[in-house]
Structure formats: C-alpha cells, structure tokens
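Beneath this line is the structure, given in structure tokens, with notes to follow.
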Amino acid sequence: MSQAAVTAVCAVDLAVTDLAAARAFFTDVWNLRVVADEGGICYLRAGGPAFYALSLRAASDARSELLRVVLDAADRGAVDRLYEQVSREGVATDGRPRSLATPGGGYGFGCKDPEGRSYAIVCETPTHAATHGPDTPTKLSHVNLNCRDNDASWGFLSRALGFKLSDQTRHFRFIRCNADHHSLVLGFNDNANLNHIAFEMPDLEAVMRGVGRMRDHGHPVEWGPGRHGPGNNVFAYFCGPGELPLEYTSEMQQVPADFQPSKRPEDWIWLPGRLDHWGLTPGPSARVKAAQERFQFAGDGYKLD
Ligand SMILES: [Fe+2]
C-alpha cells in the first residue's frame, strides 16, 4: 500500500499568558474572526474554508506555549494509515484515531515528533464558505520550527506524515504536503522551539497594508517587506502579543506533486548585504530573532481529549 500523507497544515493551538490581549489582537489587528468559544478556548478562523486557523487558551503557568500544530488528512482511511505510520516511529501518541469532541470535531489522533513537538492529525472537520475580505488572512500558510536535530525531525515528518522536500538552504529545510512550496519549515538550530507562524494574505497589497495596520497598533515590522528565495513568497515579520513571532505572507510558489529542490543548499547565496530578492530592508531585528527562540511546545500538547 502506498504511503499516506497529510494534506494541509491547517491550524496552531496556543496557550497564552494574557488571553484577553491575544484575543483582541488576533481579531482587531491580525483580522481573524472568532468561530467558536468553548471551554475557555477561543477558535479563530481565517477567510478560507478551514474551520479554524488558530486557537487561544489561558496558559496554565507563567509562560505562553505552542500546544500543537494541526494537520489535515483526506479521510478516515488516511488518518488510520497515518496512525500506523506514526506508531512505527516509536513516538508518543494519545491513542487510536477516534471522533473528537472539540468544536471543530472530526476524527483523528495526537502524536509527538522525535524532538517533543506535538501534532494533531484530523479529518472530517467542518468547513466554511470562503469569505475573503481584502485584509483578511486566507489561511495558516506555514509554521517554521527550530530543530536541534533537523535530520530526525525531517525523517519523521517525511516517513510518518508524508511531507516532501521542496528546497533546502544552509539554514532551513522547506517541506510541503500540497501545492504550496512549503507548509512547514525546519531550521538547523540549537533549540526545538517555535520560529514563527505565518498567515497567507490575499495578495502583496494586503501584506503591505498589514505592515501599516500592525505599525498603527504598536507592532512595527521587524523584518521586511521582502520576497524570500525558497518559495518566492512575499514576507513581513512582526512580534505579536507577548512577543509571538508572526509573519504575513502572500504569493507562495505553487509546485507540482513531483517538484524537486531547484538548487543545492550551498547555491542559495545572496549578494552582500542582502537576505531577500528585493533588498529593501536589512535582515531581521534583534527583537524578532529573540522572539524566534522564545516559545516552547507544551509537553502534553499531543493529548487531544
Ligand atoms: Fe516564514
């Protein structure tokens, strides 16, 4: 039987130290919309069909944490096969796939990866009619994860969850699970914390207006606007509530299923003083670099019930 693969990186679940401030930021400034508010957990959707893109709950201790990254699969058969693939890796799971009682519901299970990060793998979650406002993020674009052991994380994500390599530089592996050039990015680091969470905007203009809107609300751009090499996507990075590292992006490269890395890692080199195609701005600020190592995964985020 062929390998089962996830089909999207659809949401992140966060525990935050100031829930009211985070909720106000993500609705009033980042432009997500509350779709469910249940059991102390606030679920926020983007403009696309995914039931939600971000959930927020109050942290149980004094620090904000990432609970899990939520991955979509096609159907129950795919989820069952993904569970078997994950189980062969010897990582922790929260048990066999089953119907979930969360507002989005669906059928799925939770697991860890070799570096202790947590994932939910789900199918049959409800969808919405798309309601794209001009300044509404369309979906979660990608999650960038720092890795102490990039090879171990990449091995797990490719073997167990079916991710494919789109490009690799000296600093990152860019990996995909659909036509987007990347939905996860794995860094070569000395920690396994969150690097950043990126939301897709409808177009380049929306990213630029987002830079202004964030600045108006006290969140100046910390890197960008610019256009990345791998993925060719437009970017602008910010420190959100509690220094959460966030990115608005658009125009992600679309690739065919058999896409192969276009260059060797050592071939991704910028001209002196440049870190992107446009060269409008210097590289990331010291503030966002610090934020990109600050948020850990909670130890029990793989437990979905
Ligand atoms: Fe990014």
Side-chain angles (χ1 to χ4, degrees), residues 8-12 14 26 30 32 46 48 53-54 66 69-71 117 137-147 150 153-154 157 163-189 191-204 206-208 210-211 214 219 221-240 243-255 261-262 265 268 270 274-278 280-285 287-295 297:
V9 175
C10 56
V12 289
L14 294 175
F26 278 108
W30 201 250
L32 302 179
L54 178 80
L66 192 60
V69 176
V70 183
L71 310 172
R117 305 181 200 88
T138 52
K139 65 177 183 176
L140 181 68
S141 168
H142 59 275
V143 183
N144 185 313
L145 303 168
N146 298 340
C147 300
N150 190 302
S153 289
W154 164 231
L157 290 162
F163 279 87
K164 293 188 166 63
L165 182 68
S166 287
D167 273 306
Q168 183 173 344
T169 69
R170 290 165 296 166
H171 303 294
F172 299 105
R173 278 187 167 107
F174 297 82
I175 65 176
R176 71 179 184 279
C177 56
N178 53 43
D180 286 347
H181 177 275
H182 55 274
S183 296
L184 290 178
V185 184
L186 306 177
F188 292 87
N189 310 90
N191 64 83
N193 297 342
L194 173 68
N195 189 284
H196 64 269
I197 304 166
F199 289 78
E200 184 180 274
M201 293 301 268
D203 53 31
L204 187 158
V207 172
M208 299 299 265
V211 170
M214 287 289 281
H219 302 276
V221 66
E222 302 291 340
W223 183 26
R227 187 182 286 281
H228 281 309
N232 201 39
N233 49 316
V234 172
F235 66 85
Y237 291 86
F238 311 94
C239 292
E243 296 298 288
L244 186 70
L246 296 171
E247 177 188 0
Y248 274 147
T249 190
S250 70
E251 302 189 359
M252 177 70 78
Q253 181 183 359
Q254 300 297 289
V255 301
S262 56
W268 288 102
W270 297 109
R274 288 247 180 150
L275 284 174
D276 78 293
H277 282 300
W278 293 346
L280 294 177
T281 63
S285 68
R287 179 183 175 186
V288 78
K289 282 185 183 174
Q292 289 176 335
E293 298 188 345
R294 183 184 174 115
F295 290 86
F297 274 79

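All residue numbers refer to positions in the sequence shown, counting from 1. Worth knowing before you read on, the calculation uses all heavy atoms, side chains too, and leaves out hydrogens, waters and symmetry mates. For ligands, and for the atoms within them, numbers begin at 1 and follow the listed sequence.
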Notebook entry, point to check: Is a side-chain donor-acceptor pair under 3.5 Å present for Glu251 with Asn232?
Noted result: no

Notebook entry, point to check: Which residues satisfy the side chain to side chain donor-acceptor pair (under 3.5 Å) test with Glu200, sequence neighbours excluded?
Noted result: Thr138

Item checked: Closer than 2.8 Å to the Fe ion (ligand 1) - protein N, O or S atoms, ordered by chain and residue number -> His142 NE2, His196 NE2, Glu247 OE1

Note to self: Using a strict threshold of under 4.0 Å (side-chain N to carboxylate O), is an ion pair present between Arg176 and Asp167?
What the structure shows: no

Checklist line | Test: Glu222 and Lys289 ion pair at under 4.0 Å | finding: no

Notebook entry, point to check: Any luck finding a side-chain donor-acceptor pair between Arg227 and Asn233 under 3.5 Å?
Noted result: no

Next item on the list: Give the ring-plane orientation class for Trp223 versus His228, where under 30° counts as parallel, over 60° as perpendicular and anything between as tilted.
Entry: perpendicular

